[in-house]
Amino acid sequence: MIRTLLPRVASKPASRPFIASSSHAFQQPRYYLFSRRDRGYATEAPEHDLVIIGGGVAGYVAAIKAGQEGLKVACIEKRGALGGTCLNVGCIPSKSLLNNSHMYHQILHDTKKRGIEVGDVKLNLKQMMAAKDTSVQGLTKGVEFLFKKNNVEYIPGTGAFSGEHEVKVNKIDGGEATLLAKNILIATGSEATPFPGLTIDEKRVVTSTGAINLQEVPKKMVVIGGGIIGLEMGSVWSRLGSDVTVVEFLGQIGGPGMDAEISKTTQKILGKQGMKFKLGTKVLSGDDSGETIKLEVEAAKGGKKETLDADVVLVAIGRRPYTAGLGLENIGLDVDNKGRLVIDEQYRTKHPHIRVIGDCTFGPMLAHKAEEEAVAAIEYITKGQGHVNYGAIPSVMYTHPEVAWVGQNEAELKEQGIKYRLGSFPFSANSRAKTNLETEGLVKFISDAETDRILGIHIVGPNAGEMIAEGVLAIEYGASSEDVARTSHAHPTLAEAFKEAAMATYSKAIHY
């Protein structure tokens, strides 16, 4: 039965989290028999073991893994540069701007108390953008090198199905090609969801793509959507001098996955940095015909209307799967009501030799989730079994301080009727955080009330994005909070706050 695969959360905390894997004997998918001679080719054998449509994180990782496994593989990418949204206009360039804008903001506002007197500080936005572009170019070239190293054929162009084993490519440099393959992997990613009534021009009304390429600092920016992308990009421009207001339909920032306590703490910290928030608020309409853009907003539950003015509006209301132009109708593949391609637990569509991974199918639209699926999909093709634990996929927001979490939050556990224990530890009581003068935030553990097994870990604070890796490992291996608490952590480190939060969960913290 073909179905949309969703992460399943155990109703009983002591049971294992859902893991997409298979221990059944591997059966090679049935290939359609056809004669290439009948199609005007000289040979009868299929050209490739695997053709991948999409050279983003999901696609290029799958291609490299397939090459390492000895498959004859080709990867089609229409952008003309490998790495997809993440590397070209998403994760990587945004982190460059986040890092460098933080350094600029820190020099302006935070060095004097550290005993560092700085003189005439100026923003060179052109050079900041150039540094970002240099990072991106180096990494995309690096992926191309890995393709060559692993014998992956890279085909810049747009691919579409012309048959169940056949993909036609319109090449970027002109001409067409037809690829025949035993296996085909769809990894076409996602695109920003537009906002009705506003025309995206990536100059005044922008998505994240335009937000990383603005040529001047806007006086006023309104961010529609208080999720991770909106908060990260809003944070960049706020640091650089823009008056930033975030409009969010929900009653908290960070999206529903972020724990409510962590969300409130984060909002308070970002508010002190200058960002403004209108929560529980919906945007009714937008008018970009004047010198400034006017947005009409009101409370989500109804109430008095208000007009917001902005020089730039960032639309960050989420992303949607990108499958346009794939020729799905030519092979009878359908999408669900969210536009996602439907697959089974081995990422197979109703045609077993066609698999789908990454943003264009189920699950969180995260680069590292796509990477895990890429490896698993190739393992299914070559070995018959793969592994992705969807209960142990971390999320990170790279504001300052960072926010990171893995597993479940309190609201989700309450909804499921699962009894749990809480433990937390503030960075204000951590010696390394105090010496670094970065004491805002906390580490929060959630464990099962009966078994002490860790159900969720949530962090807002310095280095949270790196620290969460320990939490992912703990959940992957079914650790208890006592297991972590009894594990030695070096002193003095920020990670000691992680250990102390675990101690507070099963017993009592020492330093708080």
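The chain is numbered in sequence order, starting from 1.
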| Minimum-distance pair of heavy atoms, taken over all atoms of Ala464 and Ala404 | O-CB, 3.5 Å

| Can you list the steps and then say if Gln408 with Tyr420 is a side chain to side chain donor-acceptor pair (under 3.5 Å)? | CA-CA 11 Å; Gln408 296 172 280; Tyr420 59 88; over 6 Å; no

| query | Passes side chain to side chain donor-acceptor pair (under 3.5 Å), Asn170 versus Thr158? Steps please. | reply | CA-CA 5 Å; Asn170 288 318; Thr158 302; over 6 Å; no

| said: I'd like to know if the side chain of Asn213 reaches the main chain of Thr209, judged simply by a donor and an acceptor atom lying under 3.5 Å from each other, with no hydrogens or angles considered. | reply: yes

| message | With rounding to the nearest 0.5 angstrom, report the OG1 to CZ distance, Thr245 to Phe277. | response | 9.5 Å

| request: Search all heavy atoms of Phe445 against all heavy atoms of Ser481 and return the closest pair with its distance. | output: CD2-CB, 4.3 Å

| said: As a quick check of understanding, evaluate side chain to side chain contact (heavy atoms under 4.5 Å, CB included) for Leu250 and Leu279, giving each step before the final call. | reply: CA-CA 6 Å; Leu250 299 177; Leu279 305 185; over 6 Å; no

| task | Return yes if some donor-acceptor pair links the side-chain N/O of Glu466 with the main-chain N/O of Asn463 below 3.5 Å, else return no. | result | no

| message | When you compare the side chain of Ile457 with that of Trp405, does any pair of heavy atoms fall below 4.5 Å? | response | no

| Going by heavy atoms in the side chains, are Lys350 and Asp344 under 4.5 Å from each other? | no

| If you measure from the Lys or Arg side-chain nitrogens to the Asp or Glu carboxylate oxygens, is any gap between Asp49 and Lys182 under 4.0 Å? | yes

| query | Between Lys72 and Glu153, does at least one N-O distance fall below 4.0 Å, as a salt bridge requires? | reply | no

| field | Side chain to side chain, Leu413 and Leu455, heavy atoms closer than 4.5 Å | value | yes

| task | Test Glu202 against Thr207 for side chain to side chain donor-acceptor pair (under 3.5 Å), laying out the working first. | result | CA-CA 6 Å; Glu202 300 297 9; Thr207 65; 2.6 Å; yes

| field | Any donor-acceptor pair under 3.5 Å from Ser94 side chain to Gly90 backbone | value | yes

| message | Looking at Thr140 and Gln137, would you say the former's side chain and the latter's main chain have a donor-acceptor pair under 3.5 Å? | response | yes

| query | NZ of Lys168: more than 12 outside heavy atoms within 6.0 angstrom? | reply | no

| said: Working to the nearest 0.5 angstrom, can you tell me the gap between Leu314 CG and Ser208 OG? | reply: 7.5 Å

| query | Got a donor-acceptor contact below 3.5 angstrom from the Glu410 side chain to the Glu261 backbone? | reply | no

| Heavy-atom pair with the smallest gap, counting every atom of Ala310 and Val222 | CB-CG2, 3.7 Å

| query | Nearest 0.5 Å, what's the CG-CG distance between Leu366 and Asp359? | reply | 8.0 Å

| Asn88 side chain to Gly84 backbone, donor-acceptor under 3.5 Å | yes

| task | Could you tell me whether the side chain of Val51 reaches within less than 4.5 Å of the side chain of Val73, counting heavy atoms only? | result | no

| field | Minimum side-chain heavy-atom gap Leu50-Leu185 below 4.5 Å | value | yes

| field | CD on Glu402 to CG on Leu98, rounded to 0.5 Å | value | 9.0 Å

| task | Walk me through it: do Lys132 and Asn100 pass the test side chain to side chain donor-acceptor pair (under 3.5 Å)? | result | CA-CA 9 Å; Lys132 171 205 66 173; Asn100 293 334; over 6 Å; no

| task | Identify the heavy atoms of Leu333 and His351 that sit nearest to each other, and give their distance. | result | CD2-CD2, 3.8 Å

| said: Run the ring-ring contact (aromatic ring centres under 6.0 Å, His included) test against Tyr60 and tell me which residues pass, sequence neighbours left out. | reply: none

| Using 4.0 Å as the upper bound for N to carboxylate O, is an ion pair formed by Lys65 and Glu69? | yes

| request: For Tyr390 and Phe362, run ring-ring contact (aromatic ring centres under 6.0 Å, His included): C-alpha distance rounded to whole Å, both residues' side-chain angles, the deciding distance at 0.1 Å, then the answer. | output: CA-CA 11 Å; Tyr390 290 96; Phe362 79 97; 5.1 Å; yes

| said: Can a donor-acceptor pair be found, under 3.5 Å and without considering hydrogens, that links the side chain of Glu373 to the backbone of Gly358? | reply: yes

| message | Could you tell me if the side chain of Val484 sits less than 4.5 Å from the side chain of Phe498, heavy atoms only? | response | yes

| message | Tell me every residue that passes side chain to side chain contact (heavy atoms under 4.5 Å, CB included) with Cys86, counting only those two or more places apart in sequence or in another chain. | response | Val57, Cys91, Ala367

| said: Just verifying a value: how many Å separate Leu231 CG and Thr399 OG1, rounded to the nearest 0.5 Å? | reply: 7.0 Å

| query | Looking only at atom types and distance, does a side-chain atom of Gln346 sit under 3.5 Å from a main-chain N or O of Arg348, one as donor and one as acceptor? | reply | no

| said: Could you check whether any side-chain heavy atom of Val223 comes within less than 4.5 Å of a side-chain heavy atom of Met275, counting everything from C-beta outward? | reply: no

| query | Any donor and acceptor pair, going by atom type alone, linking the side chain of His368 with main-chain N or O of Pro394 inside 3.5 Å? | reply | yes

| task | Please step through side chain to side chain contact (heavy atoms under 4.5 Å, CB included) for the pair His400 and Leu270, ending with a clear verdict. | result | CA-CA 8 Å; His400 188 84; Leu270 294 179; over 6 Å; no

| message | As an exercise, state the distance from CG of Leu422 to NE2 of His458, rounded to the nearest 0.5 Å. | response | 9.0 Å

| note | Minimal heavy-atom distance between Ile76 and Gly159, with the atoms involved, is CG2-N, 3.8 Å

| request: Using a strict 4.0 Å threshold on nitrogen-to-oxygen distance, state whether Lys444 and Asp259 make a salt bridge. | output: yes

| query | Within a radius of less than 6.0 Å around CZ of Phe249, do more than 12 heavy atoms belonging to other residues, nucleotides or ligands occur? | reply | no

| query | For atom NZ of Lys264, is the number of surrounding heavy atoms from other residues, nucleotides or ligands below 6.0 Å larger than 12? | reply | no

| Under 3.5 Å: donor-acceptor pair, side chain of His165, backbone of Ala181 | yes

List, one per line, each side-chain donor-acceptor pair under 3.5 Å for residues 320-332, sequence neighbours excluded.
residue	atom	partner	partner atom	Å
Arg320	NE	Glu191	OE2	2.9
Arg320	NH2	Glu191	OE2	3.3
Tyr322	OH	Lys78	NZ	2.6
Asn330	ND2	Phe161	O	2.8

| query | Quick one: does Pro401's side chain get under 4.5 Å of Ile269's, heavy atoms only? | reply | yes

| Exercise: identify the closest heavy-atom pair between Pro93 and Leu87 | CD-O, 3.3 Å

